Amino acid sequence: MRILQLTEETRKNLQEDLLKRSPNSYTEYEARVNEIIGEVRTKRDEAVFSYTKQFDGAELTPQTLLVSKEEVAEAYRQTDGKLIEVMKKSLENIRAYHEKQKRYSWFDSRPDGVLLGQKVTALEKVGVYVPGGKASYPSSVLMNVIPAKVAGVEKIVMVTPCNREGKVNPATLAAADLAGVDEIYKVGGAQAIAALAFGTESIPKVDKIVGPGNIYVALAKKAVFGHVSIDSIAGPSEILVLADGTANPRYVAADLLSQAEHDELASAILITDSQALAEQVSAEIDKFTAELSRKEIIEKSLENYGYILVAENMGQAVLAANEIASEHLEILTADPFGTMMQIKNAGAIFLGEYASEPLGDYFAGPNHVLPTNGTAKFFSPLGVDDFIKKSSIISYSKEALEPIYQDIVQFATSEQLTAHANSIKVRFEE
């Protein structure tokens with residue numbers, strides 16, 4: 001794994017390199033995505049079935065598009081019972097964590113008859129996209145569905161690709177049932193996003209779409225934003241480890257590889273003030289990679305987006321970490337809590353040598369749907385707030401309005417909005 005000295009130039013070059021992975025950089029796919037969306041919007045079910053046959057090789061009908069209760073029961077039988085029990089434990093941790101995020105309506109009244117407040121309402125319908133294909137991601141089901149359930153969403157619709165036989169991965173189905181998904185449809189890709197955004201004869205239109213996917217899914221979510229809300233346009237996975245000379249090089253290497261194995265576009269970065277640790281971690285990475293099942297993907301990922309940066313001191317390392325604003329940030333220093341207090345930008349922060357990134361992916365409770373590609377500077381992890389909306393409440397008595405109505409009239413008149421001014425004045429005509 002390449003080792004570089006951390007300078008302003010190497011940091012900027014690294015960031016520019018990472019930004020190339022953003023879905024916004026793949027504009028050559030936009031025309032095809034927009035074509036698919038247009039077809040689904042006009043031909044609805046017919047287009048969904050056509051694209052599912054074309055991309056997934058499955059022939060679906062209105063009768064087989066929706067996952068049946070029998071298929072869910074079969075999925076439980078096909079899924080390892082131990083995995084079911086682990087998912088139940090994970091689900092409870094996720095629910096407990098997100099329960100603490102709940103918001104409530106509030107009202108503030110004054111003796112003169114003024115009442116101000118905020119009404120919190122859960123979204124009515126939410127669509128959850130779950131990737132399919134060769135891999136299954138039941139953890140993604142739990143992370144996207146549980147916050148919506150905690151928020152009080154009335155109806156949760158899940159879409160996920162099926163195989164040629166029209167079957168959905170059993171672990172994915174079991175996770176969806178455990179989490180409380182109301183309907184599951186066997187459709188993936190841009191066509192699934194379009195179906196959720198505009199509705200078809202079989203698939204209901206939703207208010208918001210959440211969940212990760214490939215470049216077609218990401219660009220489709222971007223294209224339908226405004227017709228519906230979306231969570232984010234997710235990029236490839238990334239990890240940044242901040243470590244000093246006290247860190248265990250085997251732990252650091254293992255954690256970096258936990259993200260590099262996702263795909264060739266995943267990013268794994270170590271920033272340290274110890275040249276010795278940098279060299280030890282690089283050597284451990286070579287040993288681990290030789291043994292791991294996704295060796296080819298890891299090697300390509302590290303070749304493209306793997307870096308070990310050696311800083312002059314931890315202060316410089318922290319500044320670089322804040323600029324990179326990684327999706328996952330592990331802190332393996334002598335005082336991880338002290339270092340954490342200096343961090344401003346990160347999707348999820350893992351403290352200490354026993355809080356490795358997969359703990360957050362699967363079990364601890366905080367959400368693993370996180371901002372990528374530097375967007376942790378202004379975005380947050382998926383949470384209960386993503387599934388609610390807020391309405392302002394305003395009520396004034398005549399006695400409260402009378403002392404200030406001339407102020408409002410003057411403000412409106414200064415903007416030449418005389419109808420605004422008149423709406424206030426008529427209430428005090430003699």
Side-chain angles (χ1 to χ4, degrees), residues 66-67 72 87-88 90-108 115-130 137-160 172-173 175-185 192-200 202-213 217 220-222 224-234 347-348 365-371 378-395:
L66 178 67
V67 172
V72 172
M87 287 196 291
K88 288 179 179 179
S90 175
L91 187 155
E92 288 307 316
N93 290 343
I94 297 166
R95 178 184 288 129
Y97 181 86
H98 288 84
E99 284 280 356
K100 298 182 187 302
Q101 297 180 346
K102 288 179 73 172
R103 291 178 180 263
Y104 300 91
S105 301
W106 59 266
F107 300 93
D108 183 30
L115 186 146
L116 302 175
Q118 180 173 273
K119 185 176 184 292
V120 175
T121 308
L123 301 183
E124 186 177 343
K125 294 178 185 176
V126 166
V128 176
Y129 187 93
V130 178
Y137 298 98
S139 62
S140 184
V141 177
L142 302 182
M143 291 291 181
N144 281 277
V145 174
I146 297 304
K149 296 293 288 187
V150 170
V153 173
E154 292 180 26
K155 185 172 186 177
I156 299 175
V157 178
M158 190 177 103
V159 290
T160 189
T172 298
L173 285 187
D177 187 67
L178 289 171
V181 173
D182 296 291
E183 296 173 1
I184 306 167
Y185 294 92
I193 300 301
L196 291 173
F198 300 107
T200 72
S202 301
I203 300 174
K205 172 179 168 43
V206 299
D207 302 312
K208 184 166 188 169
I209 302 172
V210 302
V217 170
K221 286 170 70 177
K222 180 181 177 183
V224 302
F225 177 64
H227 298 283
V228 292
S229 178
I230 63 171
D231 51 349
S232 64
I233 303 170
N367 212 288
H368 78 198
V369 181
L370 302 165
F378 44 83
F379 281 143
S380 304
L382 189 74
V384 172
D385 277 358
D386 289 285
F387 300 100
I388 63 170
K389 55 192 177 70
K390 304 158 195 164
S391 302
S392 303
I393 305 296
I394 303 166
S395 177

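Since the model is a prediction, treat every value here as computed from it, not as a measurement.
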**Q.** Non-neighbouring partners of Thr160 that pass side chain to side chain donor-acceptor pair (under 3.5 Å), sequence neighbours left out
**A.** none

Q) So Ile393 and Leu115, side-chain contact (heavy atoms from CB on, under 4.5 Å) or not? Walk me through it. A) CA-CA 8 Å; Ile393 305 296; Leu115 186 146; 3.9 Å; yes

Q | CG on Leu370 to OG on Ser232, rounded to 0.5 Å | A | 9.0 Å

Q.
I want to check something: taking the side chain as every heavy atom from C-beta on, are Asp386 and Pro147 in contact at a cut-off of under 4.5 Å?
A. no

**Q.** side chain to side chain contact (heavy atoms under 4.5 Å, CB included) partners of Val150, counting only residues at least two apart
**A.** Arg95, His98, Glu99, Lys102, Ile146, Val384

**Q.** Chi angles and distances behind the side-chain contact (heavy atoms from CB on, under 4.5 Å) call for Ile209, Asp231
**A.** CA-CA 7 Å; Ile209 302 172; Asp231 51 349; over 6 Å; no

Check residues 118-125 and write down every donor-acceptor pair under 3.5 Å in which the side-chain atom is one partner and the other belongs to a residue at least two apart or another chain.
residue	atom	partner	partner atom	Å
Lys119	NZ	Thr121	OG1	3.2

Q.
Quick check: closest heavy atoms across Pro371 and Pro381, and the distance to 0.1 Å?
A. CD-N, 4.0 Å

(Q) Using every non-hydrogen atom in the two residues, find where Tyr185 and Ser202 come nearest and quote the distance to one decimal. (A) OH-O, 3.2 Å

Q.
Is any side-chain heavy atom of Val126 closer than 4.5 Å to one of Val206?
A. no

Q. Side chains of Tyr97 and Asn367: does their closest heavy-atom pair fall under 4.5 Å?
A. no

**Q.** Phe225, CZ: over 12 other non-hydrogen atoms inside 6.0 angstrom
**A.** no

(Q) For Gly383 versus Gln101, what's the shortest heavy-atom pair and its separation? (A) CA-OE1, 3.4 Å

Q. Any side-chain heavy atom of Val217 within less than 4.5 Å of one from Ile193?
A. yes

Q: Check Ile184 against Val181 and note the closest heavy-atom contact, atom names and distance.
A: CG1-CG1, 3.8 Å

Q.
I need the Ser229 OG to Lys221 NZ distance, nearest 0.5 Å.
A. 10.0 Å

(Q) Please enumerate all residues that pass ring-ring contact (aromatic ring centres under 6.0 Å, His included) together with Phe198, with sequence neighbours excluded. (A) His227

Q) Is there a side-chain contact between Ile388 and Asp385 (heavy atoms, below 4.5 Å)? A) yes

Q) Closest approach of Tyr129 and Pro212, non-hydrogen atoms and distance? A) CD2-O, 3.1 Å

**Q.** 4.5 Å side-chain heavy-atom contact, Leu196 and Val159
**A.** yes

**Q.** Residue pair Leu142 / Ala179: nearest heavy atoms and the distance that separates them
**A.** CD2-CB, 4.1 Å

Q) For residues 139-155, which residue pairs qualify under side-chain hydrogen bond (donor to acceptor under 3.5 Å, both in side chains), counting only residues two or more places apart or in two chains? A) Ser140-Asn144, Lys155-Glu183

(Q) Assess the residue pair Leu173 and Val67 against the criterion (side-chain contact (heavy atoms from CB on, under 4.5 Å)); give the C-alpha distance rounded to whole Å, side-chain angles, the decisive distance to 0.1 Å, and a yes or no. (A) CA-CA 9 Å; Leu173 285 187; Val67 172; 4.0 Å; yes

Q) Given the rule in the side-chain contact (heavy atoms from CB on, under 4.5 Å) test, do Thr172 and Met158 qualify, once you have shown the distances and angles that lead to the verdict? A) CA-CA 11 Å; Thr172 298; Met158 190 177 103; 3.8 Å; yes

Q: With sequence neighbours left out, write down each residue that passes side chain to side chain donor-acceptor pair (under 3.5 Å) with Asn93, or none if nothing qualifies.
A: none

